[in-house]
Protein chains: 2
Amino acid sequence: MVEMTERKKGILKAVINEYILTAEPIGSRTISKKYELDVSSATIRNEMADLEELGYLQQPHTSAGRIPSDKGYRFYVDSLIDVEKIPENFEEMIRQKYLERKKEVQNIIQVTSQMLSQLTRYTALVASPSSTEYYFQHLQLVPLEGKKIIVIVVISSGLVQHQTLTLQHRPSREELANISRLINDRLQGLPLGKIGSEVFRELEKEIKNHSIFKELYRSLLTVLTQEELSQEWGKIHLGGATNILEQPEFSDLEKVKVFLKLFEQEDILRQLLNKIPAQGLQVVIGRENPLEEMKDCSLVVADYSIQDTRVGKMAILGPTRMNYPKVIAAVNFMAEVLSKVMREED
Amino acid sequence: MVEMTERKKGILKAVINEYILTAEPIGSRTISKKYELDVSSATIRNEMADLEELGYLQQPHTSAGRIPSDKGYRFYVDSLIDVEKIPENFEEMIRQKYLERKKEVQNIIQVTSQMLSQLTRYTALVASPSSTEYYFQHLQLVPLEGKKIIVIVVISSGLVQHQTLTLQHRPSREELANISRLINDRLQGLPLGKIGSEVFRELEKEIKNHSIFKELYRSLLTVLTQEELSQEWGKIHLGGATNILEQPEFSDLEKVKVFLKLFEQEDILRQLLNKIPAQGLQVVIGRENPLEEMKDCSLVVADYSIQDTRVGKMAILGPTRMNYPKVIAAVNFMAEVLSKVMREED
DNA sequence: TCTTAGCACTCCCCGGGCTAGAGTGCTAAG
DNA sequence: CTTAGCACTCTAGCCCGGGGAGTGCTAAGA
């Protein structure tokens with residue numbers, strides 16, 4: 001019966017570190033030379049054969065070096081990894097980047113995805129905040145030409161949703177002012193999740209004399225309902241989508257196609273992130289992934305918060321042979337910085 | 001001295017049509033067989049040699065068939081092409097698609113790029129309206145928590161720009177109402193192009209007692225200045241970016257990389273479209289292209305209008321060997337439909 | 001003078017076979 | 001238990017030659 005020993009762990013770690021760098025199968029000679037383990041290549045060979053038997057390593061073919069298996073990576077991530085440190089001054093630099101853009105949520109998210117992909121050289125996915133924790137702040141009805149009005153809803157932390165609407169007749173300014181005052185009084189401060197048809201029914205009683213309300217109703221509901229909001233909110237920003245092309249494992253055009261097609265379908269990406277129960281930091285390796293297409297990929301996911309409430313996720317997508325120490329550090333770091341920045345926003 | 005004849009034109013057209021279909025060099029036999037020109041392959045060979053001398057065709061190497069040169073495509077597009085017809089019922093289908101989404105400008109543009117890429121199986125670029133022809137409609141200042149307010153500007157045809165702003169002190173509701181009324185009175189109906197620092201200076205005199213104005217000033221200017229607006233307005237929507245991968249000329253991964261990188265840089269795409277003086281429909285072939293990277297590509301560009309004013313452009317990007325009859329028809333068609341839909345919006 | 005059949009020639013593509021090199025597993029000795 | 005040595009295996013890269021597609025030229029026919 002083969003068992004795990006400290007030396008085996010050292011060798012496994014060495015193999016994975018080396019493989020992360022080179023993307024080539026690693027032979028016993030390389031290990032015994034580069035890492036001072038003070039044993040000969042023959043010994044390493046024996047140990048590697050054991051590690052293969054244990055399922056941590058595998059051979060692409062006889063007479064080639066070893067590469068890590070998913071199980072090997074898993075063990076590495078769980079027990080062997082030395083997470084990198086992010087240089088002190090990076091936070092300042094990134095804050096600078098945030099300041100350069102208007103402090104709008106969508107911009108912040110976009111900057112985040114860019115930074116994350118630059119930091120890691122992989123592809124970053126960042127989901128904008130999507131949460132029942134948002135609350136209604138202000139409704140504004142602005143008349144346009146003719147019978148059209150624009151419905152603007154301001155939600156906490158500066159999120160704005162708007163929609164144009166054509167009414168049956170041209171509304172007067174007072175009419176609009178009245179109705180928006182009524183609605184504002186009733187809804188102000190309510191969490192979006194609690195705004196349902198009951199609230200509207202109550203409202204309808206109060207303002208049933210305004211025929212506009214019925215027309216507004218549908219519009220408001222769509223603007224406020226999560227599904228509609230999620231168009232903008234759960235929105236996934238991709239950063240460095242083409243970075244994945246730089247990885248040697250994607251030198252095959254067919255594979256690349258599959259991925260880029262995936263990237264074009266936002267809803268799939270959204271589902272992907274949602275399926276992963278990120279609390280803190282989570283690493284999903286190879287076939288652990290919910291999508292078959294991603295069997296050669298890993299995801300490093302973290303969530304970020306506004307005021308201690310988890311509202312969104314971010315992830316790095318890269319090949320299974322990913323620089324985990326670096327990526328884990330980067331994702332952790334960005335999640336923290338983003339959470340801080342979001343808090344300051346409020 | 002070799003001269004162009006009707007028969008040469010026929011052969012050139014046949015070669016290009018065939019090459020568009022197969023992406024392989026075309027031999028004389030193929031032409032004499034598939035197209036009933038009633039001459040033997042030997043005659044075709046002579047004619048093709050002439051066409052090569054004239055610069056319309058070229059040979060990848062001796063003893064291969066001919067492929068069209070940029071000049072050949074140019075002649076084809078200018079003089080030989082039979083533009084395809086778009087089926088009658090397509091317009092209805094596309095209108096349906098428009099209706100499915102909220103009738104917001106950004107959504108309309110997105111749908112347009114999707115449709116265009118589906119229609120052609122190439123990559124579509126659609127620039128959102130960007131124009132001095134837009135005019136100011138309404139300003140709204142909404143207080144958020146603390147010292148923050150949100151500045152919302154509604155521009156003609158329902159475009160909305162907004163930005164959050166932190167003031168020196170917490171503003172009162174009346175203060176905000178007053179100042180926005182003053183600004184609205186002054187700016188209402190002004191074309192954005194005419195809103196410059198002079199207007200603001202005048203305004204400043206009127207409302208100098210409101211200390212808020214100075215703080216607002218910068219914010220308003222950025223919201224209203226084109227450069228800032230162009231963030232959203234000149235915004236390029238890509239449709240079917242990965243379609244370009246389906247083309248055999250992009251089976252080389254290096255080429256693909258160049259393109260996908262390009263697609264990630266919106267400003268470059270914007271410049272690209274701006275450099276092309278699209279009035280009606282324009283075809284840019286191969287090296288005629290302003291970007292070196294695109295020497296193997298063609299662009300078919302058209303502009304679209306709102307109320308007879310050209311406000312934006314759309315384009316199809318594909319390999320030089322592109323199905324011009326189809327693409328030209330599609331771009332023309334979508335530009336027209338979009339112009340119609342935009343008009344109905346107002 | 002233009003067209004066409006015939007033919008020799010050119011060049012690419014593709015598959016087979018061969019070699020060099022890297023890495024292994026096994027054995028036997030330290 | 002470790003290690004040196006060795007035979008073995010497998011791949012990547014290279015060269016080579018044949019088949020095929022297509023050409024240009026020539027000379028004969030309309």
Side-chain angles (χ1 to χ4, degrees), chain A residues 1-12 14-16 18-19 21-54 56-69 72 248-249 251-252, chain B residues 1-12 14-16 18-19 21-54 56-69 72 248-249 251-252:
Chain A
M1 182 58 199
V2 194
E3 270 185 25
M4 204 56 170
T5 63
E6 280 309 308
R7 192 172 67 185
K8 281 195 178 56
K9 287 185 190 173
I11 291 173
L12 179 57
V15 170
I16 295 184
E18 196 64 19
Y19 186 63
L21 290 178
T22 62
E24 308 262 305
I26 310 300
S28 52
R29 255 172 69 91
T30 320
I31 298 296
S32 79
K33 268 192 180 171
K34 274 212 184 174
Y35 297 75
E36 59 294 308
L37 293 164
D38 295 322
V39 283
S40 76
S41 63
T43 311
I44 308 270
R45 269 204 290 287
N46 287 326
E47 294 286 58
M48 279 168 105
D50 288 353
L51 282 167
E52 185 169 354
E53 198 180 323
L54 287 167
Y56 296 118
L57 292 181
Q58 57 194 54
Q59 265 181 311
H61 51 264
T62 14
S63 87
R66 300 312 207 284
I67 62 174
S69 66
E249 30 271 274
S251 56
D252 179 14
Chain B
M1 186 55 201
V2 193
E3 271 185 25
M4 204 57 172
T5 62
E6 279 310 308
R7 191 170 68 186
K8 282 194 177 58
K9 288 185 192 174
I11 292 173
L12 180 57
V15 170
I16 296 184
E18 196 63 20
Y19 187 63
L21 290 177
T22 62
E24 307 261 306
I26 310 300
S28 52
R29 255 171 70 89
T30 318
I31 298 296
S32 78
K33 269 192 180 171
K34 274 213 185 173
Y35 296 76
E36 59 296 306
L37 292 165
D38 294 323
V39 282
S40 76
S41 65
T43 310
I44 308 269
R45 270 204 289 288
N46 288 326
E47 295 285 59
M48 279 167 106
D50 288 351
L51 283 167
E52 185 169 355
E53 200 179 321
L54 287 167
Y56 295 118
L57 293 180
Q58 58 194 54
Q59 264 181 312
H61 51 264
T62 14
S63 89
R66 303 307 209 286
I67 62 173
S69 66
E249 29 271 274
S251 55
D252 178 15

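So you know, we letter chains A, B, ... as the sequences are listed, proteins then strands, and number each from 1.
Atom P of nucleotide dG5(D) and atom CZ of Arg29(A) are separated by 13 Å, given to the nearest angstrom. In this structure, Asp50(A) atom CG and dT24(C) atom P are separated by 14 Å, rounded to whole Å. Distance Met48(B) CE to dG22(D) C1': 10 Å, rounded to the nearest Å. With rounding to whole Å, Ile31(B) atom CD1 is found 15 Å from dT23(D) atom C1'. Per the geometry, NZ belonging to Lys34(A) stands 12 Å off P belonging to dG23(C), to the nearest Å. Look at OH on Tyr19(B): it is 14 Å from P on dG22(D), rounded to the nearest Å. If you measure from atom CD of Gln59(A) to atom P of dC10(D), you get 11 Å, rounded to the nearest angstrom. Going from atom CD of Glu53(A) over to atom P of dG25(C) covers 11 Å, rounded to whole Å.
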Atom pairs under 3.5 Å, N or O on each side, protein against nucleotides 1-5 of chain C: can you list them with distances?
unit_1: dT3(C); atom_1: OP1; unit_2: Arg7(B); atom_2: NH1; d: 2.7
unit_1: dT3(C); atom_1: OP1; unit_2: Arg7(B); atom_2: NH2; d: 3.3
unit_1: dT3(C); atom_1: OP2; unit_2: Arg7(B); atom_2: NH2; d: 3.1
unit_1: dT4(C); atom_1: OP2; unit_2: Ser40(B); atom_2: N; d: 3.0
unit_1: dT4(C); atom_1: OP2; unit_2: Thr43(B); atom_2: OG1; d: 2.5

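Here the straight-line distance linking atom CD1 of Ile67(B) with atom CG of Leu57(B) works out to 9.0 Å at 0.5 Å rounding. Taking CD1 of Ile16(A) as the start and CG of Leu21(A) as the end, the distance is 12.0 Å to the nearest 0.5 Å. With rounding to the nearest 0.5 Å, the separation of CZ in Arg29(A) from CD1 in Ile44(A) is 12.5 Å.
Residues satisfying the side chain to side chain donor-acceptor pair (under 3.5 Å) criterion with Glu249(B), sequence neighbours excluded, are Arg321(B). Taking Glu52(B) as the reference, Arg66(B) meet the side chain to side chain donor-acceptor pair (under 3.5 Å) condition, with sequence neighbours excluded. Listed by chain and residue number, Glu18(A) satisfy the side chain to side chain donor-acceptor pair (under 3.5 Å) test with Lys34(A) (two or more places apart in sequence, or in another chain).
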* Scan nucleotides 10-22 of chain C nucleotide by nucleotide, 5' to 3', and note B when protein non-hydrogen atoms come under 4.0 Å of the base, S if they reach only the sugar-phosphate, - if neither. => BBS----------

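Under the 4.5 Å side-chain criterion, counting only non-hydrogen atoms from C-beta, Ser40(A) is not in contact with Ser32(A). Contact check for Arg45(A) versus Met48(A): no side-chain heavy atoms found under the 4.5 Å cut-off. Residues Glu47(A) and Asp50(A) are in side-chain contact: their nearest non-hydrogen atoms beyond the backbone lie under 4.5 Å apart.
Axis angle, first five pairs versus last five pairs of the helix from dT1(C)-dA30(D) to dG30(C)-dC1(D): 20°, rounded to 10°.
Each of Leu12(B), Leu37(B), Thr43(B) was evaluated against Arg7(B); a single residue qualifies, Thr43(B), per the side chain to side chain contact (heavy atoms under 4.5 Å, CB included) test.
Of the possible donor and acceptor atoms, one in the side chain of Ser69(A) sits under 3.5 Å from a partner among the backbone N and O of Tyr56(A).
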